[in-house]
Amino acid sequence: MVKAYTQEHIYKHPWERVTSASWRKFADPENKRTLSHVLEVDTLSHKLDSLSGKLYTTRALTVHAPGPWFVRKIIGQDICHCVESTVVDAQSKSMQLTTRNISLQKFIEVEEKIRYEPHPDNPTGWTVCRQQTSIRIKPLSALASMAEKVEQRCAEKFMQNSVKGREVMERICKYLEAESGGIAL
């Protein structure tokens with residue numbers, strides 16, 4: 001069974017500011033309290049393709065393992081390692097992040113895709129963020145009947161963390177706007 005959901009959020013900030021905020025989301029110490037589920041973020045690689053002009057970045061994220069405490073006890077681990085792959089195309093104003101867990105895969109598979117693009121109604125002033133997340137609990141012999149409930153709990157936690165992430169993004173966008181003196185990008 002797979003639990004999947006899609007969310008959309010409109011930032012009333014230009015694409016350049018929102019994507020700058022995305023890069024700063026985990027770096028700001030003030031955000032560490034809000035995003036307390038994120039323990040560590042390390043950049044593994046970044047490459048600018050000179051032909052296409054696209055920026056490719058790969059980061060490693062260490063997070064508190066999703067799901068109820070009793071599941072973390074059963075699997076014997078309460079942290080999860082993930083890989084985030086990002087492609088930024090400044091020419092078409094598109095930023096796509098894809099995050100997948102690389103640990104705990106015999107128990108759970110999570111994939112999150114986030115895409116930032118200019119909003120069609122106000123392309124110079126607003127940015128639309130589309131997020132798709134899928135969570136699949138692999139049947140554990142002792143917990144096979146509970147897999148759906150665990151997936152639901154994980155999905156609820158991911159949605160709560162998404163709200164926190166949007167709050168952080170809004171705060172950084174406002175900071176960047178103030179930093180630029182309100183200059184339109």
Side-chain angles (χ1 to χ4, degrees), residues 2-38 40-61 63 66 82-101 110-135 152 154-185:
V2 175
K3 182 73 178 172
Y5 68 92
T6 303
Q7 297 183 93
E8 187 172 293
H9 181 75
I10 298 169
Y11 291 99
K12 295 191 177 180
H13 298 278
W15 180 84
E16 295 84 354
R17 186 175 299 140
V18 172
T19 54
S20 293
S22 178
W23 290 117
R24 295 184 184 194
K25 183 164 74 171
F26 301 122
D28 187 345
E30 185 176 328
N31 299 333
K32 290 187 187 287
R33 285 188 301 277
T34 306
L35 302 175
S36 60
H37 64 287
V38 179
E40 192 171 341
V41 178
D42 295 302
T43 300
L44 302 176
S45 68
H46 58 274
K47 176 188 170 205
L48 180 61
D49 184 317
S50 59
L51 295 176
S52 68
K54 294 180 182 178
L55 174 66
Y56 297 87
T57 302
T58 303
R59 300 195 293 185
L61 285 78
V63 299
C82 304
V83 172
E84 174 193 84
S85 301
T86 305
V87 179
V88 180
D89 186 343
Q91 187 173 352
S92 68
K93 292 193 175 182
S94 168
M95 179 180 196
Q96 171 134 355
L97 301 92
T98 302
T99 307
R100 292 181 181 95
N101 64 303
V110 177
E111 180 180 74
E112 177 185 54
K113 292 182 178 184
I114 299 175
R115 185 175 195 87
Y116 299 103
E117 296 175 308
H119 192 283
D121 294 341
N122 186 353
T124 59
W126 295 353
T127 304
V128 63
C129 170
R130 291 183 182 93
Q131 176 186 17
Q132 298 174 309
T133 305
S134 65
I135 301 163
Q152 179 63 37
C154 289
E156 289 168 3
K157 193 67 171 166
F158 269 84
M159 287 193 279
Q160 290 169 0
N161 289 338
S162 295
V163 170
K164 292 177 185 179
R166 287 193 298 272
E167 289 171 3
V168 166
M169 291 285 291
E170 288 286 357
R171 186 169 45 242
I172 295 170
C173 284
K174 288 176 183 169
Y175 168 79
L176 291 171
E177 182 177 28
E179 188 179 70
S180 68
I183 298 170
L185 299 173

Task: Closest non-hydrogen atom pair, L176 against A21 - done: CD1-N, 3.8 Å
Task: T127 side-chain N/O to H13 backbone N/O, donor-acceptor pair under 3.5 Å - done: yes
- [ ] Enter the distance from F26:CZ to L61:CG here, rounded to the nearest 0.5 Å.
- [x] 5.0 Å
Open item on the list: Distance check, rounded to the nearest 0.5 Å: K157 atom NZ versus I135 atom CD1?
Closed with: 12.0 Å
- [ ] With rounding to the nearest 0.5 Å, note down the distance linking CG in D121 to CD1 in I10.
- [x] 7.5 Å
Open item on the list: Using every non-hydrogen atom in the two residues, find where G53 and L48 come nearest and quote the distance to one decimal.
Closed with: O-CD1, 3.7 Å
Open item on the list: Is the shortest side-chain heavy-atom distance between W15 and H119 below 4.5 Å?
Closed with: no
- [ ] Write down the atom of R17, the atom of S180, and the distance for their closest heavy-atom approach.
- [x] NH2-OG, 4.1 Å
Open item on the list: Can you tell me if E8 has over 12 outside heavy atoms packed within less than 6.0 Å of its CD?
Closed with: yes
Task: Reported CZ-to-CD1 distance for the pair R24 and I172, which is rounded to 0.5 angstrom - done: 7.5 Å
TODO: Using a 4.5 Å cut-off on heavy atoms from C-beta on, say whether the side chain of Y116 contacts that of L97.
DONE: yes
Open item on the list: Looking at E84, is its backbone amide N or carbonyl O close enough to the side chain of T99 to form a donor-acceptor pair, meaning the two atoms are under 3.5 Å apart?
Closed with: no
Task: Closest non-hydrogen atom pair, K93 against P118 - done: O-CD, 3.1 Å
Task: From NE2 (H46) to OG1 (T86), nearest 0.5 Å - done: 12.5 Å
TODO: Begin with the C-alpha distance, continue with both residues' side-chain angles, and end with the deciding distance and a verdict on side chain to side chain contact (heavy atoms under 4.5 Å, CB included) for Q160 and H37.
DONE: CA-CA 11 Å; Q160 290 169 0; H37 64 287; over 6 Å; no
TODO: Could you check if a side-chain atom of V88 sits within less than 4.5 angstrom of a side-chain atom of T19, using non-hydrogen atoms only?
DONE: no
TODO: Report yes if the side chains of T98 and K113 come closer than 4.5 Å at any heavy-atom pair, otherwise no.
DONE: yes
Task: R130 and T6: side chain donor to acceptor below 3.5 Å - done: no
Task: More than 12 heavy atoms of other groups within 6.0 Å of K54 NZ - done: no
TODO: Work out which heavy atom in K12 is nearest to a heavy atom in W126; give both atom names and the distance.
DONE: CA-CD1, 3.4 Å
TODO: Kindly indicate whether the side chain of Q131, heavy atoms from C-beta on, has any atom under 4.5 Å from the side chain of R166.
DONE: yes
Task: side chain to side chain contact (heavy atoms under 4.5 Å, CB included) between V41 and K25, worked out - done: CA-CA 10 Å; V41 178; K25 183 164 74 171; over 6 Å; no
Open item on the list: For the residue pair S162 / Q7, report whether a side-chain donor-acceptor contact shorter than 3.5 Å exists.
Closed with: yes
Open item on the list: Less than 4.5 Å apart, side chain to side chain, heavy atoms only: is that true for D89 and S52?
Closed with: no
TODO: Starting at CD1 of I114, measure out to OG1 of T133 and round the result to the nearest 0.5 Å.
DONE: 7.0 Å
Open item on the list: Just checking Y175: does its OH atom have more than 12 heavy atoms from other residues, nucleotides or ligands closer to it than 6.0 angstrom?
Closed with: no
Task: Heavy-atom pair with the smallest gap, counting every atom of S22 and R59 - done: O-NH2, 4.3 Å
